[in-house]
Colleague: 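Let me give you the structure first, and then I'll get to my questions.
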Amino acid sequence: MPIRPADPDPSPKGPPRLHLVLTPYKSLTPEGFVWFIGVTAALISVPLFSILGTSVFWALLPFLVAAVWGVWAALKRSWRDMDLYEEVIVWDDLIRVERVEPKHGVKDWEANPYWVRATLHTKGGPVPNYLTLTGGAREVELGRFLTPLERVELKSLIEKELRAA
């Protein structure tokens, strides 16, 4: 599930009102990855059975191995690119958003929840139902990798906690 409550974290500020970890949806599990690569290798090698033991077999084998390796590398790269998450923590006097990306490191944003406003841009954003938090000196996007309905759900969840803070 892309939006999930985080494990309780003891901090000097006490327990937060809201602590969420947002992650992109990954449809292929590690077990599914193994099955997919195995089935792909088996299906690609089926034509090799008819030419087994000939010189043509040895000429085609490197290309088929390269094709399987290419699929494997592309899927691994896709997983690595989607290995990001956003952590949203709301206390009574502070809201903190931390975005962790594999290539760009950690980006964080903090503001007083009293002044923070969640805005859902239904049109004009880079994605449908583009969600931003405005407060302090800047505006930050939130959950860009979530589905439009998940962003609507996230907005209502955050607004509820901001009103209570």
Side-chain angles (χ1 to χ4, degrees), residues 1-41 67-165:
M1 183 163 92
I3 302 174
R4 65 178 170 81
D7 296 329
D9 182 28
S11 69
K13 293 183 119 352
R17 292 186 148 282
L18 179 69
H19 189 177
L20 299 174
V21 177
L22 312 174
T23 57
Y25 180 72
K26 295 180 181 178
S27 60
L28 189 61
T29 63
E31 182 181 285
F33 175 79
V34 171
W35 275 100
F36 182 78
I37 293 297
V39 168
T40 301
V68 172
W69 178 84
V71 169
W72 179 83
L75 287 175
K76 281 296 196 182
R77 169 76 189 266
S78 174
W79 267 0
R80 203 171 34 251
D81 288 348
M82 294 307 287
D83 199 18
L84 60 98
Y85 65 92
E86 291 177 354
E87 191 171 14
V88 180
I89 308 171
V90 179
W91 287 279
D92 287 333
D93 61 343
L94 180 72
I95 181 171
R96 178 177 174 82
V97 177
E98 187 174 281
R99 182 179 174 100
V100 179
E101 297 182 38
K103 293 181 182 176
H104 302 290
V106 178
K107 297 176 184 172
D108 62 342
W109 173 81
E110 294 179 347
N112 186 330
Y114 184 79
W115 302 107
V116 173
R117 188 177 73 242
T119 307
L120 193 67
H121 305 275
T122 55
K123 295 181 182 174
V127 293
N129 289 342
Y130 185 63
L131 179 61
T132 59
L133 293 178
T134 307
R138 63 180 210 211
E139 182 177 45
V140 294
E141 70 178 356
L142 192 61
R144 185 176 184 167
F145 46 79
L146 299 174
T147 66
L149 291 176
E150 288 170 340
R151 284 191 288 275
V152 170
E153 176 187 336
L154 179 61
K155 179 186 184 272
S156 65
L157 187 64
I158 288 176
E159 279 185 334
K160 183 179 89 172
E161 292 302 326
L162 289 176
R163 281 192 300 265

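What you see is a predicted model, and the numbers here were worked out from it, not measured in a lab.
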Colleague: Donor-acceptor pairs under 3.5 angstrom involving side-chain atoms of residues 125-144: please list them, not counting sequence neighbours.
Modeller:
residue: Asn129; atom: ND2; partner: Pro148; partner atom: O; Å: 3.4
residue: Tyr130; atom: OH; partner: Glu141; partner atom: OE1; Å: 2.9
residue: Thr132; atom: OG1; partner: His121; partner atom: NE2; Å: 3.1
residue: Thr132; atom: OG1; partner: Glu139; partner atom: OE2; Å: 3.0
residue: Thr134; atom: OG1; partner: Glu139; partner atom: OE2; Å: 3.1
residue: Arg138; atom: NH2; partner: Asp108; partner atom: O; Å: 2.8

Colleague: To the nearest 0.5 Å, how far apart are CD in Glu161 and CH2 in Trp91?
Modeller: 13.0 Å
Colleague: Pairs of donor and acceptor atoms involving the side chains of residues 67-79, under 3.5 Å and at least two apart or interchain, shall be tabulated with distances.
Modeller:
residue: Arg77; atom: NE; partner: Asp81; partner atom: OD1; Å: 3.4
residue: Arg77; atom: NE; partner: Asp81; partner atom: OD2; Å: 3.2
residue: Trp79; atom: NE1; partner: Leu28; partner atom: O; Å: 3.4

Colleague: For a side-chain contact (heavy atoms from CB on, under 4.5 Å) check, start with the C-alpha distance between Leu120 and Val152, then their side-chain angles and the critical distance, and finish with the verdict.
Modeller: CA-CA 7 Å; Leu120 193 67; Val152 170; 3.6 Å; yes
Colleague: Would you mind listing every salt bridge (charged side-chain N to carboxylate O under 4.0 Å, His left out) that reaches into residues 25-35, with sequence neighbours excluded?
Modeller: Lys26-Asp83
Colleague: So, using side-chain contact (heavy atoms from CB on, under 4.5 Å) as the criterion, who are the partners of Thr40 when residues are at least two apart?
Modeller: Phe36, Ile44
Colleague: Roughly how far apart are Arg117 CZ and Glu159 CD, rounded to 0.5 Å?
Modeller: 10.5 Å
Colleague: Checking the side chain of Arg17 only, and the main-chain atoms of Asp92 only, is there a donor and an acceptor separated by less than 3.5 Å?
Modeller: no
Colleague: side-chain contact (heavy atoms from CB on, under 4.5 Å), that's the test. Do Val116 and Ile158 meet it? Break it down for me.
Modeller: CA-CA 10 Å; Val116 173; Ile158 288 176; over 6 Å; no
Colleague: Taking all non-hydrogen atoms of both residues into account, name the closest pair between Pro24 and Leu84 and its distance.
Modeller: CD-O, 3.2 Å
Colleague: Between Ile89 and Pro16, which heavy-atom pair has the shortest distance, and what is it?
Modeller: CG2-CB, 3.5 Å
Colleague: Side chain to side chain contact (heavy atoms under 4.5 Å, CB included) with Glu86: which of Val100, Val21, Leu22?
Modeller: Leu22
Colleague: Got Leu146 and Tyr25 here, is their nearest side-chain heavy-atom distance under 4.5 Å?
Modeller: no
Colleague: With sequence neighbours excluded, tell me which residues meet side-chain contact (heavy atoms from CB on, under 4.5 Å) with Val34.
Modeller: none
Colleague: Applying side-chain contact (heavy atoms from CB on, under 4.5 Å), run through Lys107 and Glu101 and close with a yes or a no.
Modeller: CA-CA 8 Å; Lys107 297 176 184 172; Glu101 297 182 38; 4.0 Å; yes
Colleague: Return the CE to OG1 distance between Met82 and Thr23, rounded to the nearest 0.5 Å.
Modeller: 9.0 Å
Colleague: Looking at residues at least two apart in the chain, or sitting in another chain, which of them share a side-chain contact (heavy atoms from CB on, under 4.5 Å) with Thr147?
Modeller: Leu149, Glu150
Colleague: To the nearest 0.5 Å, what is the distance between CZ (Arg96) and CD (Glu87)?
Modeller: 8.0 Å
